[in-house]
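For reference, the structure is listed below as structure tokens.
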Amino acid sequence: MKSMSSKKEEKNEEIYLDQALRPSRWEDYIGQKHIKDNVKILLQAAEERGHIPEHILFYGPPGLGKTTLAHLIAKETGRQMKITSGPAIEKVGDLASILTNLSPGDIIFIDEIHRLNKTVEEVLYPAMESGVLDIIIGKGPSARTIQLDLSPFTLIAATTRVALVSAPLRSRFSGGVFRLEFYSNEEIGEIVRRSSKLLETEMEEEALKEVAKRSRFTPRTANYFLKRCRDYAQVSKKNLDQKTVKEALSMLSIDEIGLNSSDRKFLEILIEKFKGGPVGLKTMAAAMSEEEATVEEVIEPYLIQLGLLERTARGRVATEKAYTHLGFDIPKNLQSKLI
């Protein structure tokens with residue numbers, strides 16, 4: 001059994017590796033070209049005018065590079081960045097403490113901003129818009145408002161659920177609201193190639209492609225698979241070729257198109273127990289012994305993206321591609337279920 005110190009060292013190594021793999025220049029950031037082009041213009045224009053960059057919001061599924069973009073902007077502009085998250089700012093005082101300690105031109109990065117307390121959010125509006133912080137002291141008739149002038153700053157925010165960010169807050173990101181898209185297999189391949197060099201890991205081209213095609217179009221997943229494949233090759237004293245990658249990912253229960261055990265369990269239950277659907281979310285969650293939010297937000301999106309699942313007005317339905325992938329016979333009435 002591992003000691004607490006060895007576990008801590010392992011965790012610190014993972015954090016170090018994640019930081020080491022994070023791009024530090026625009027040239028090293030692969031993909032998201034439309035965002036890079038827009039942000040580079042925004043930053044260059046602000047620099048030429050002698051202004052600080054305007055506030056920016058990035059949104060999209062986890063692992064696509066929202067935090068990496070924030071770090072990249074800070075490095076490219078040579079500014080200090082303070083990092084926090086929506087849930088961490090519980091009170092107005094927490095926000096006031098962060099904002100009043102900023103130096104002119106600093107960047108504050110708020111991750112998962114959709115989880116920001118509504119009271120805190122209302123105090124953030126004038127801070128973003130006018131550079132002032134309105135703080136109410138006291139209660140009842142004796143209450144009074146103090147207005148503090150803040151140093152000019154740039155707020156960069158990230159969220160996985162942009163619909164939960166209120167319209168007034170979204171409208172104050174005058175620099176732009178940018179959606180990060182999923183990556184192509186070619187882009188993921190480039191990311192894995194770059195990461196393997198940084199990890200000083202020799203990897204055959206076919207092995208690289210094998211990791212890329214199973215990575216769910218997500219850089220974070222690709223880097224995670226790369227590290228686990230490297231570990232497996234090291235321990236088993238094997239070269240990091242296609243066969244070794246397949247063996248390593250098989251141990252993680254990742255199949256050839258990136259489905260994990262939960263994904264396959266979902267489809268198998270849908271096909272075997274419910275004849276391919278249609279079936280409702282609550283029924284599927286109960287059948288899997290999972291929470292509804294986990295099924296809807298974690299399992300289903302990738303299956304829909306691959307065309308293995310469809311959400312119809314009557315419920316979830318497995319597609320022909322799902323039957324073929326899992327080796328089930330395709331029912332004759334499948335098309336009528338998808339209508």
Side-chain angles (χ1 to χ4, degrees), residues 35 38-39 42-43 45-46 49-74 77 79-180 292-293 296-297:
I35 294 178
N38 278 288
V39 171
L42 185 148
L43 297 179
R49 290 194 302 268
H51 295 167
I52 62 164
E54 294 174 287
H55 310 302
I56 302 170
L57 174 64
F58 296 120
Y59 74 97
L64 295 187
K66 299 182 289 296
T67 304
T68 299
L69 276 170
H71 280 275
L72 197 50
I73 290 170
T77 55
R79 300 182 186 276
Q80 292 293 320
M81 185 167 76
K82 306 291 175 65
I83 303 170
T84 186
S85 65
I89 307 174
E90 296 179 350
K91 304 185 294 291
V92 171
D94 297 334
L95 179 65
S97 174
I98 294 168
L99 294 180
T100 53
N101 282 303
L102 294 175
S103 300
D106 277 0
I107 294 171
I108 175 171
F109 175 62
I110 302 180
D111 198 9
E112 296 302 316
I113 196 168
H114 68 271
R115 296 177 64 186
L116 205 61
N117 184 297
K118 293 302 174 187
T119 307
V120 174
E121 189 178 302
E122 288 173 7
V123 175
L124 187 58
Y125 297 159
M128 293 175 68
E129 216 164 30
S130 311
V132 296
L133 194 64
D134 295 322
I135 298 178
I136 300 172
I137 296 177
K139 292 182 180 180
S142 61
R144 58 195 179 93
T145 302
I146 292 180
Q147 195 171 77
L148 300 175
D149 290 326
L150 300 171
S151 299
F153 71 95
T154 299
L155 171 62
I156 301 176
T159 178
T160 53
R161 305 184 69 183
V162 74
L164 297 184
V165 179
S166 67
L169 182 56
R170 280 202 311 272
S171 68
R172 283 168 170 82
F173 287 97
S174 49
V177 177
F178 299 105
R179 172 184 167 80
L180 277 76
E292 291 175 29
E296 191 170 30
E297 297 171 20

Worksheet item: Any sub-3.5 Å donor-acceptor pair from R170's side-chain atoms to V165's backbone N or O?
Response: yes

Worksheet entry | Gap separating the OG1 atom of T159 from the CG atom of L169, nearest 0.5 angstrom | 10.0 Å

Worksheet item: Which heavy-atom pair separates L150 from A127 by the least distance, and what is that distance?
Response: CD1-CB, 3.8 Å

Discussion item. With rounding to the nearest 0.5 angstrom, report the CG to OG1 distance, L116 to T84.
Written reply: 9.0 Å

Practice prompt. Dump the intermediate steps for side chain to side chain contact (heavy atoms under 4.5 Å, CB included) on L124 and I89, then the final yes or no.
Written response: CA-CA 11 Å; L124 187 58; I89 307 174; over 6 Å; no

Item to complete: Evaluate the side chain to side chain contact (heavy atoms under 4.5 Å, CB included) criterion for residues M128 and S174: first the C-alpha distance (whole Å), next the side-chain angles of each, then the deciding distance (0.1 Å), finally the verdict.
Response: CA-CA 10 Å; M128 293 175 68; S174 49; over 6 Å; no

Discussion item. Going by side-chain contact (heavy atoms from CB on, under 4.5 Å), F178 matches just one of L69, V39, L57. Which one?
Written reply: V39

Worksheet item: Run the side-chain hydrogen bond (donor to acceptor under 3.5 Å, both in side chains) check on S103 and Q80 step by step: do they pass?
Response: CA-CA 8 Å; S103 300; Q80 292 293 320; over 6 Å; no

Discussion item. Determine whether a donor-acceptor pair (N or O, by modelled atom type, separation under 3.5 Å) exists between the side chain of D94 and the backbone of K91.
Written reply: yes

Item to complete: Write down the atom of M81, the atom of F109, and the distance for their closest heavy-atom approach.
Response: SD-CB, 3.8 Å

Item to complete: Over all heavy atoms of both residues, which pair between E112 and P87 is shortest? Give the atoms and the distance, please.
Response: O-CD, 4.2 Å

Discussion item. Main chain of L102, side chain of D106: is a donor-acceptor contact present, judged purely on distance under 3.5 Å?
Written reply: no

Discussion item. To check you understand the geometry: which heavy-atom pair defines the closest contact between A96 and T100, and what is its length?
Written reply: O-OG1, 2.6 Å

Discussion item. Return the CD1 to CD1 distance between I73 and I107, rounded to the nearest 0.5 Å.
Written reply: 6.5 Å

Worksheet entry | Separation of I108 CD1 from I110 CD1 (nearest 0.5 Å) | 4.5 Å

Discussion item. Is it the case that the side chain of T160 and the backbone of P62 share a donor-acceptor pair, with hydrogens and angles ignored and the cut-off at 3.5 Å?
Written reply: no

Worksheet, complete the sentence: Closest non-hydrogen atoms of S166 and K118, given as atom of the first, atom of the second and distance, are CB-NZ, 4.2 Å

Item to complete: Return yes when atom CZ of R115 has more than 12 non-hydrogen atoms of other residues, nucleotides or ligands closer than 6.0 Å, and no otherwise.
Response: no

Item to complete: Drop me the distance from L99's CG to K82's NZ, to the nearest 0.5 angstrom.
Response: 10.0 Å

Worksheet item: Which value, rounded to the nearest 0.5 Å, describes the distance between I156 atom CD1 and F173 atom CZ?
Response: 10.0 Å

Discussion item. Please check: side-chain N/O of K66 versus main-chain N/O of R179, any donor-acceptor pairing under 3.5 Å?
Written reply: no

Item to complete: Let me see the working for H114 and V162 under side chain to side chain contact (heavy atoms under 4.5 Å, CB included), right down to the final yes or no.
Response: CA-CA 7 Å; H114 68 271; V162 74; over 6 Å; no

Worksheet entry | Criterion side chain to side chain contact (heavy atoms under 4.5 Å, CB included) on F58 and T67, from CA distance to verdict | CA-CA 9 Å; F58 296 120; T67 304; over 6 Å; no

Discussion item. Give me the atom names and distance for the closest heavy-atom approach of L42 to P53.
Written reply: CD2-CB, 3.9 Å

